[in-house]
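Below you'll find the structure, written out as structure tokens, and then a few comments.
Since the model is a prediction, treat every value here as computed from it, not as a measurement. Just so you know, ligand 1 is whichever comes first in the structure, and atom 1 is the first atom listed for that ligand.
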Amino acid sequence: MTDSRTTRPVLDAVRVSKHYGSNEVLKDVSLQVAAGEVVCIIGPSGAGKSTFLRCINRLEVPDAGEVWVDGEAMGFEERDGKLYELSERRLSKQRASTGMVFQHFNLFPHLTVLGNVMEGPVRVQKRPAATVRAEARAVLERVGLGDKIDSYPSQLSGGQRQRVAIARAVAMKPLFLLFDEPTSALDPELVGEVLTVMAGLAADGMTMLVVTHEMGFAREVADRVVFMADGGIVEQGTVDEVLLHPREARTQRFLERVLA
Ligand SMILES: Nc1ncnc2c1ncn2[C@@H]1O[C@H](COP(=O)(O)OP(=O)(O)OP(=O)(O)O)[C@@H](O)[C@H]1O
């Protein structure tokens with residue numbers, strides 16, 4: 001990749017740390033993701049993967065470290081050369097640039113599928129409803145739910161709900177998408193339809209940081225794989241380097257266990 005647009009880091013997390021009580025959950029974690037890149041984070045339960053994603057979009061406030069998104073410090077704005085903490089309202093707007101898809105969909109039960117997808121662009125980003133409606137329909141077509149726009153979440157399968165959640169994040173036109181184990185809550189037969197949508201977004205050039213236990217997805221789609229354990233990055237590299245020829249004993253043991 002020689003095009004500078006596809007190599008510039010759109011996400012730059014620098015020495016992020018977080019503790020809960022005496023539990024050091026993240027220790028000095030740094031990670032860059034370039035525009036157009038798909039990075040999968042793998043690792044055992046309790047490694048700090050979810051906490052890292054939540055620190056990136058400031059659903060959790062890190063104890064130390066910085067997160068830069070397209071050159072802007074997450075949670076702060078610059079005025080007169082100084083950084084000031086953003087109000088919750090402005091933070092919500094900034095957070096929209098880091099669209100997040102959770103394990104448990106988090107849809108609004110009282111809104112239709114279309115209403116769920118329009119909510120963020122209209123209420124948070126204050127974009128005109130007519131434009132957003134047309135865009136939301138197009139995004140829902142793209143995730144294969146064009147015929148479900150008037151349904152309510154309770155009328156959908158888990159896989160369909162997760163595809164609505166993905167459409168909702170995409171409709172905000174984020175700089176990148178964060179996925180936190182997006183298929184872990186699904187029945188096995190519904191996992192494939194969600195992974196297919198995610199692979200489609202990756203093929204379209206969407207920048208993605210994906211916490212996943214789906215090794216097949218990581219192998220097929222990731223440009224880079226990051227192995228986390230005990231609150232830190234143990235190793236990272238290409239699929240070939242990390243999944244097929246891991247250097248670190250901890251990575252080898254983890255892969256032996258999950259691929260057994
Ligand atoms: N809000 C919280 N309060 C206290 N401890 C927390 C909180 N959130 C996470 N932890 C702890 O932080 C550690 C890391 O949790 P985290 O969910 O980030 O790990 P993970 O790698 O995503 O694990 P999993 O794959 O099981 O989701 C765990 O020990 C967890 O119990």
Notebook entry, point to check: Any sub-3.5 Å donor-acceptor pair from Asp187's side-chain atoms to Gly158's backbone N or O?
Noted result: no
Item checked: Donor-acceptor pair, side chain of Asp223 and main chain of Val38, under 3.5 angstrom -> yes
Notebook entry, point to check: If you look only at pairs with a residue in residues 24-35, which of them pass as a salt bridge (Lys or Arg N to Asp or Glu O under 4.0 Å), with sequence neighbours excluded?
Noted result: Arg15-Asp28
Margin query: Counting only heavy atoms from other residues, nucleotides and ligands, does the tally under 6.0 Å from CD of Gln252 exceed 12?
Written below: yes
Next item on the list: Measure from NZ or CZ of Arg79 to the centre of the six-membered ring of Tyr84 and say whether it is under 6.0 Å with the direction within 45° of the ring axis.
Entry: yes
Item checked: Salt bridge Glu37-Arg224, side-chain N to carboxylate O under 4.0 Å -> yes
Item checked: Within the protein, residues bringing a heavy atom under 4.0 Å of ligand 1, chain by chain -> Tyr20, Asn23, Val25, Pro44, Ser45, Gly46, Ala47, Gly48, Lys49, Ser50, Thr51, Glu181, His213
